[in-house]
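Index from 1, following the sequence.
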Amino acid sequence: MINTVLSLEKGRIFQVEGRRIYPSEVHLLLEVAAHPEATATELAAGLGVTKGAVSQTVTRLVRKGLLLKTRPPEGGNTLRLELTSAGSGAVAHFRRKTAGLRLGVETHLADLTPAQRQVVARFLDCLTAELKDLGQA
């Protein structure tokens, strides 16, 4: 199971409406959708990456027609990111996929007793913490 989890994003490329979308791009699109007013610095902090990584990913997503860079009406140096209609479609696609996964998990958990669900929840919390720590010095 650990090998499967570790390889989930390795080499993974999604095809949505004829566009190749990489996992890092998916994460950024979902973050922009969740926080449309966020700056690149705030998005980087939310994703746990550098501002430079966000900038590179934004450039690719703009080129793919999934994001637009806009200036807020009040002006200033801050750029805002806006999903295009294709970007919104990609976000909807990934949200549907996530919802399907969530429903599948909930269906399996529904057959468990409350005590069994607590054991599973503790295990998943532990696994999540370990995976977040993976590769950290």
- Hey, does the side chain of Arg117 reach the backbone of Leu112 with a donor-acceptor pair shorter than 3.5 angstrom? yes
- Tell me whether the centres of the aromatic rings in Tyr22 and Phe14 are closer together than 6.0 Å. no
- Ser88 (side chain) donor-acceptor with Leu83 (main chain) under 3.5 angstrom: no
- Are Leu109 and Val119 linked, directly or through other ILVMFWY residues, by side chains that come within less than 4.5 angstrom of each other? no
- Item | Closest approach of Ala86 to Gly65 (non-hydrogen atoms, all atoms of both residues) | CB-O, 3.8 Å
- Which atom names give the shortest non-hydrogen contact between Val16 and Ala90, and what distance separates them? CG1-CA, 3.9 Å
- Answer yes or no: is there a donor N or O on one side and an acceptor on the other, between the side chain of Glu42 and the main chain of Thr39, under 3.5 Å? yes
- Task: Say whether Leu68 and Ile21 are linked into one hydrophobic cluster, either directly or through other cluster members, by side-chain heavy-atom distances under 4.5 angstrom.
- Result: no
- Item | Straight-line distance of Phe94 CZ to Thr98 OG1, nearest 0.5 Å | 8.5 Å
- Query: For the atom pair CG (Leu43) and OG1 (Thr57), what is the distance rounded to the nearest 0.5 Å?
  - Reply: 10.5 Å
- Item | Spatial distance of atom NE2 (His93) from atom CG (Leu29) [nearest 0.5 Å] | 11.5 Å
- Query: Which heavy atom in Arg20 sits nearest to a heavy atom in Lys64, and how many Å separate them?
  - Reply: O-NZ, 2.5 Å
- For Glu82 and Leu67, what are the C-alpha separation, side-chain angles and deciding distance, and is it a side chain to side chain contact (heavy atoms under 4.5 Å, CB included)? CA-CA 6 Å; Glu82 183 180 324; Leu67 277 182; over 6 Å; no
- First locate atom CG of Asp111, then atom CD of Gln116, and finally report the distance between them rounded to the nearest 0.5 Å. 9.5 Å
- Query: Looking at CZ of Arg63 and CG of Leu61, how far apart are the two atoms once the value is rounded to the nearest 0.5 Å?
  - Reply: 9.5 Å
- Message: If we ignore hydrogens and angles and just use 3.5 Å, is the side chain of Ser55 paired with the main-chain N or O of Lys51 as donor and acceptor?
- Response: no
- Item | Backbone N/O of Glu25 and side chain of Arg60: donor-acceptor pair under 3.5 Å | no
- Item | Leu47 CG to His35 NE2 distance, which is reported to the nearest 0.5 Å | 8.5 Å
